[in-house]
Number of protein chains: 2
Amino acid sequence: MGLAERILKGDVRAAARLMRDIDDDLPDAWHELKKLYPKTGRAYIIGVTGLPGSGKSTLVDKIVEIFRKEGKTIGIVAVDPTSPFTGGAILGDRIRMQRHSTDDGVFIRSLATRGYLGGISRSTHDIINVMDAMGKDIIIVETVGVGQDEVEIVNTAHTSIVVTVPGLGDEVQIIKAGLLEIADIFVINKSEREGAEKLEQELRVMIEMAPPRQDGWTPPIFKTEAVLGKGVFELIYGVSRHRNSLIESKKLDGKNKLRTKKHFLKLLQTRLLESVLGRMEEGETLDKMLQQLVDRKGNPYGLVEKIMREHLKSHLRSDHGGKGKTHS
Amino acid sequence: MGLAERILKGDVRAAARLMRDIDDDLPDAWHELKKLYPKTGRAYIIGVTGLPGSGKSTLVDKIVEIFRKEGKTIGIVAVDPTSPFTGGAILGDRIRMQRHSTDDGVFIRSLATRGYLGGISRSTHDIINVMDAMGKDIIIVETVGVGQDEVEIVNTAHTSIVVTVPGLGDEVQIIKAGLLEIADIFVINKSEREGAEKLEQELRVMIEMAPPRQDGWTPPIFKTEAVLGKGVFELIYGVSRHRNSLIESKKLDGKNKLRTKKHFLKLLQTRLLESVLGRMEEGETLDKMLQQLVDRKGNPYGLVEKIMREHLKSHLRSDHGGKGKTHS
C-alpha cells in the first residue's frame, strides 16, 4: 500500500514519512501528493505571523488547547527559525510543546528547509495539503512576520492573524510596511506590558486610515497574555466571526483560489526549472556556463534566451504574448 | 541613445529609470541589462543583515561616511521593510539618510516590490548589476535578517555582516537558526547596552563550536555604537581583512560564481514561467484551470505535468535525467 493510501487510513507515520520526502524533494512525493489532492479542501487554514519575540508560538499553543477541547483536530506547520516547533527556541518552549506532540489530534511539522529550487512556500502548500487530506479540521501556519515568501504564505490562509507586542519600538512601522494588507485580525500579545494602550491606539488609527477592504471586513484588535491564556477565547471567537464573514460575503472561494494559484505557480515554476536543468546537464554543464558568465564571456540574460529557445516548443506567437517577451 | 549607453556615460537619471523598469518588469529592462553586463564584475559587494531594531541602517550610514572620505563611490540596495531607505522608518532616519542622497558618489535604491513572479532576489541581483556597471566601487545590500530570499541575497555578497544587538533575548537563538552559516563578520551594535558582554561571549562560543569553515575564515566580532560612529573603523578594517583573505585563499571567484548561479537560476525560472503562462493565456485561461483545481476536478501536480508536456520540447531521455522527474 502506498503512502497516500496509508495516510487516508489515518497512518500518522506515513504522513510524517511523506513530509520528509517532500522536504527532500523526492519524485515519489509528487506521485503521492497527486493521489491525496482529491481529499483536500476541507480544512480551515489559519495563518499566524509576527516578529521573533512576539510570543506567537505560545499563542498558537493556547489556541490549539482550546480547539482540542472542542474536539477539533489540528495540523501545525511552523515556518519560523525562532519557533519552538523548529527547534530554534529555548528548551522550556520545546518541553511546553511536547504536550501537544503526544496528542494524536495534533500533528506538528516544522519546515527547516532552506533549499533553493523548492523554496519554503511550495513545501508549505504541499504539507498543508497532506494535513488537509489527513482530515485535520484546522491547520495553523506559523511564520515569522518578515520575508517575502513567509508573508505570502500567511496571506493565502483563510484567516491571517498578525501578532504584535508593545515595546518593540518600530513595530507599528513594520506593520505599515507590509503586514497591514494581509491582517484579518490583529493581536497585541504581552498586553500587560507598558505601551499596550498606545500600540492599540496606533493600530486603530492605522486601520481607520487604510483604504477600505474589498471584502468589507474591518480587522479587529485583540489583546492577549498568551502565557496566562488571557484573551485567547476572544481571539478564537474573532477567527470564527471572520470565517462567517468570508462565507456570507462569498469570499471563501476567492481565498481558496488565491492559495491554489500561488501553489500551482510555485509548482510549475519549480518543475520547469528542474526539468530544463536536468536536460542541460546531459549536454554542456551548468558549471562551465556559469564560469563563462563570471568571466564575462557571456551574459545571463542572453543565456536564458538561448536555453528557452532550445527547450521550449516554438509556438507561432511564442514570445510575444506575455509580459516576459524578450529582445535579442 | 539607450538607457545602458547613458548609464555607462554616468547618467544617474538613466540608472534610476532602468531600476524602475526592472521593478515593473518591463521587457526593455532585460535588453538594457544585457548590454550592461559586460561592464559588471568590478564592485565589491557587502551584505548587511540583522533583525529590525538592530540599528543596521545607522551602521550602513556610518560605513558609507567612512568609505566616502576614502573617495570610494557607493551603491546601496535596501531590501528591508523597516529600513529608512524604503521609507519604512521614522522621519528622523529619513532625514539622516538624505545627507547621502544628495551626494553624487552615493546611489541609493530601495526595493519595495512584493511581486510574485519576479521576486525580491532577482530584482536585487539585477540592480546590483546596474550599480556595478555604473562603476560603484562598493555596493552595500541591506536586508532584514529573516526570510529565505532575504538571507540568500546577503549570502551571495563578498562579505556578509550580521548585525546583532544586546537585549533582544532570543537573538542568539535566531542566529543559530540560520545566520551563523552566512556571517563573515558579526557586529554587536548598541554595545553600550547591558548584555553586550554576555552576547559577545555567547557568539564566541557559538563560532568556536561551529564546524570549521571551508574557507578557513573565523568570523570576528566587532562591537559598535553606530549612532556615535564608535567601532565603525574597526569594522571596516575587518571587511578589508576578509576581502584579503578571500583573495589569498582564491575564494573570491567561488563567491562570484555562487552569486552568478543564484541570479542565473532566478532569471531562468522567472522567464520559463512567464513564457509558459503567456502561451497558456492564448488558449485555455489560467483562471478556468484554477477553478477546476479549487473544485477538485483536477490536481495541480497532474496539471503541471500536462503543461510541461505541452510546452517543453521532448528529448530522448527527457524527464529521466534530473531530480525533477515525474510519475504519471
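In what follows, chains are A, B, ... by sequence order, proteins preceding strands, each numbered from 1.
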Can you tell me how far [atom2] of [Y] sits from [atom1] of [X], rounded to the nearest 0.5 angstrom?
{"X": "A:I307", "Y": "B:F264", "atom1": "CD1", "atom2": "CZ", "value": "3.5 Å"}
{"X": "A:M289", "Y": "B:T260", "atom1": "CE", "atom2": "OG1", "value": "13.0 Å"}
{"X": "A:L268", "Y": "B:L303", "atom1": "CG", "atom2": "CG", "value": "8.0 Å"}
{"X": "B:K313", "Y": "A:E310", "atom1": "NZ", "atom2": "CD", "value": "7.5 Å"}
{"X": "A:L290", "Y": "B:H263", "atom1": "CG", "atom2": "NE2", "value": "12.0 Å"}
{"X": "B:R309", "Y": "A:S275", "atom1": "CZ", "atom2": "OG", "value": "12.0 Å"}

Side chains of [X] and [Y], heavy atoms from C-beta outward: is any pair under 4.5 Å?
{"X": "B:Q291", "Y": "A:D253", "value": "yes"}
{"X": "A:V304", "Y": "B:T270", "value": "no"}
{"X": "A:L36", "Y": "B:Y301", "value": "no"}
{"X": "B:L312", "Y": "A:L272", "value": "yes"}

Practice item. Show the numbers, then the answer: is there a side-chain contact (heavy atoms from CB on, under 4.5 Å) between A:V294 and B:R259? Key: CA-CA 9 Å; A:V294 170; B:R259 194 176 59 259; over 6 Å; no
Practice item. Show your working on side-chain contact (heavy atoms from CB on, under 4.5 Å) between B:L265 and A:L277 and close with a plain yes or no. Key: CA-CA 9 Å; B:L265 290 179; A:L277 288 180; 3.6 Å; yes
Point to revise | Salt bridge B:K261-A:D287, side-chain N to carboxylate O under 4.0 Å | key: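 Here B:K261 does not pair with A:D287 in a salt bridge, since their nearest N and O are not under 4.0 Å apart.
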Practice item. Using modelled atom types only, decide if a donor and an acceptor are shared between the side chain of B:R296 and the backbone of A:T40 within a distance under 3.5 Å. Key: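 The answer is yes, because a donor-acceptor pair under 3.5 Å joins these two groups.
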**Study point:** Under 3.5 Å donor-acceptor, B:K257 side chain and A:L293 backbone
**Key:**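 No, the answer is negative, given that no donor and acceptor are paired below the 3.5 Å cut-off.
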Point to revise | A:N129 versus chain B, the contacting section by heavy-atom distance below 4.5 Å | key: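 For A:N129, the contact with chain B is made by the side chain alone.
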Point to revise | NZ/A:K35: more than 12 non-hydrogen atoms of other groups inside 6.0 Å | key: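 More than 12 heavy atoms, drawn from other residues, nucleotides or ligands, come within 6.0 Å of this atom.
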